[in-house]
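Convention: sequence-line order gives letters A, B, ...; per-chain numbering from 1.
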Amino acid sequence: MKLIFMGTPDFAVKSLEKLVNSSHEVLAVVTQPDRMRDKCKVSFSPVKEFALKHGIKVLQYEKVSKEGIEDIVALSPDCIITVAFGQMLSKEFLAIAPFGVVNVHASLLPKYRGSSPIQWAVINGEKETGITIMKTAYEMDSGDIIVQKKVKILPSETSGELFDRLSVLGGETLMLALSQIEQGIAVYTKQNHSEMTYFPMLKKESGIIDFSKSSQSIQCFILGMTPWPTAYTYLNKKIIKVFKASKADGIGLAGEVLKADSKNGLVVATGDGALLLEVIQPENGKKMNSKDYLLGHKISLGEILGG
RNA sequence: CGCGGGGUAGAGCAGUGGUAGCUCGUCGGGCUCAUAACCCGGAGGUCGUGUGGUUCAAGUCCCGCCCCCGCAA
């Protein structure tokens, strides 16, 4: 089939890679404008990087549903694929291709609608999640399901690690769905909308740790926020990122520093016990073990993290 | 040319223009039934880089370059 691929981050690249190495023809790639800056250089989105490397035409619009419609229609694709694209599509746009717009979503719909399904699944301590391939409908993540695959979430798996696994599975599952569509044997199953859950897009500020919660849920929170947007707290008004924590003994006010020395590491009280913050990153510092951090920084006991 | 912090011992950090320091680790010794404990002693640095500038004197001030990081996207 003749396809147009729309996506932006690394997650989408795996699917694009599958398509490029298949019998399908990728007419063009649509990705977000190059507004991402890294240091002094302008860096392209991962999807754009990949497309350029493989000589695929790249199109970029602030709103593809408005500015891009004519270009897309002119290419007359059989089907349009979206993977973590980051723009809402108009009804008019959804009707361009004969087979419509097919989306790869990283959750078991109708659960975890929204743009950060992987992180939220980890944050909520889910045991499993998956990939859903659906035909995009106007309402966010509400389209009919074509194929769905489950995966287990491993204990102490971070969002980043799960991202990697799901991006591969996403590509494979997409291929399966496309071949079904091509052969005309695809079954479109309506979602049970009464069971739907929706979680908002994560922002930088979403990463602040609430130490009044249970140790368990804070651990899930940290895993879910890693590597982005990153769980963090404040110490002396400076941000301290937390990458890894394990349960420890102790009790105190939420966020209270119970231990802080290079032998024990940094132990902080939570709502139902305490956590040892193992791997942290101070502002302007590298990621390091909290024990190393404490060799050069003194934290007095009883200090409250956060706020 | 987006804003900002930083590169000093194996690790993490101090260091007001004037002998290079602290905590931990490490090595040796001591005390212990014993120790991640305690005591004594030692090793380990051309202070990111430049046959750069200022100075009687630069880790410290100025200039260039390299690298790391935070914020913002």
Could you verify whether a donor N or O on one side chain and an acceptor N or O on the other, from Ser167(A) and Asp10(A), lie under 3.5 Å apart?
no
Integer angstrom distance from the C1' of U60(B) to that of G18(B)
11 Å
So Lys204(A), base contact, sugar-phosphate only, or nothing? Heavy-atom distance under 4.0 Å.
sugar-phosphate
Spacing of Lys238(A) atom NZ relative to G4(B) atom C1', expressed in whole Å
12 Å
Roughly how many Å is it from CD in Glu205(A) to C1' in C71(B), rounded to a whole number?
12 Å
Can you tell me which nucleotide in C71(B), G5(B), G25(B) comes closest to the side chain of Lys263(A)?
G25(B)
Would one find a side-chain N or O of Lys203(A) under 4.0 angstrom from OP1 or OP2 of A72(B)?
no
G-U wobble or Watson-Crick pairing nucleotide for G41(B) (cut-off 3.5 Å, both distances)
C27(B)
Main chain of Phe85(A), side chain of Thr8(A): is a donor-acceptor contact present, judged purely on distance under 3.5 Å?
yes
Expressed in whole Å, how much space separates the C1' atoms belonging to A37(B) and U32(B)?
10 Å
When you compare the side chains of Gln148(A) and Thr132(A), does any donor N or O come within less than 3.5 Å of an acceptor on the partner?
yes
Under 3.5 Å, is there a donor-acceptor pair between the Gln87(A) and Gln32(A) side chains?
yes
How far does the C1' atom of G50(B) sit from the matching atom of A58(B), given to the nearest Å?
15 Å
Can you see if the side chain of Gln281(A) gets near the phosphate of G70(B) - specifically, an N or O under 4.0 Å from OP1 or OP2?
yes
Would you indicate what Lys287(A) reaches in the nucleic acid, counting non-hydrogen atoms under 4.0 angstrom: base, sugar-phosphate, or nothing?
nothing
Residue-phosphate contact under 4.0 Å: Lys298(A) side-chain N/O, U23(B) OP1/OP2
no
Take atom P in G59(B) and the same atom in U46(B), then report the distance between them in whole Å.
13 Å
Protein-nucleotides 10-15 of chain B N/O pairs under 3.5 Å:
{"unit_1": "A11(B)", "atom_1": "O2'", "unit_2": "Asp292(A)", "atom_2": "OD1", "d": "3.2"}
{"unit_1": "G12(B)", "atom_1": "O4'", "unit_2": "Asp292(A)", "atom_2": "O", "d": "3.3"}
{"unit_1": "G12(B)", "atom_1": "O2'", "unit_2": "Asp292(A)", "atom_2": "O", "d": "3.0"}
{"unit_1": "G12(B)", "atom_1": "O2'", "unit_2": "Tyr293(A)", "atom_2": "O", "d": "3.3"}
{"unit_1": "G12(B)", "atom_1": "O2'", "unit_2": "Gly296(A)", "atom_2": "N", "d": "3.1"}
{"unit_1": "G12(B)", "atom_1": "N2", "unit_2": "Leu295(A)", "atom_2": "O", "d": "3.0"}
{"unit_1": "G12(B)", "atom_1": "N3", "unit_2": "Leu295(A)", "atom_2": "O", "d": "3.4"}
{"unit_1": "C13(B)", "atom_1": "O2'", "unit_2": "Gly296(A)", "atom_2": "O", "d": "3.0"}

On a whole-Å scale, what distance lies between the P atoms belonging to C71(B) and C1(B)?
23 Å
Just the rounded figure in Å: distance from P of G5(B) to CG of Asn284(A).
8 Å
Checking one residue: Leu253(A). Which other hydrophobic residues are in its cluster under the side-chain 4.5 Å linking rule?
Ile304(A)
Take the protein atom CG of Asp261(A) and the nucleotide atom P of A36(B), then report the distance between them rounded to whole Å.
15 Å
Taking the six-membered ring of Tyr61(A) as reference, does the cationic atom of Lys66(A) (NZ for Lys, CZ for Arg) lie under 6.0 Å from its centre and within 45° of its axis?
no
With sequence neighbours left out, which residue pairs that include part of residues 101-143 of chain A fulfil the ring pair (Phe, Tyr, Trp, His ring centres under 6.0 Å) condition?
Tyr112(A)-Phe199(A), Trp120(A)-Phe199(A)
Between A34(B) and G70(B) - C1' atom distance, rounded Å
46 Å
With both distances kept under 3.5 Å, what pairs with A20(B), Watson-Crick or G-U wobble?
none
Rounding to a whole Å, what distance do you find between Lys237(A):NZ and G4(B):P?
21 Å
In whole Å, what separates the C1' atom of G44(B) from that of U26(B)?
9 Å
Considering only atom P, compute the distance from C56(B) to U16(B) and round it to an integer number of Å.
23 Å
Is there a donor in the side chain of Asn103(A) and an acceptor in the side chain of Thr136(A), or the other way round, less than 3.5 Å apart?
no
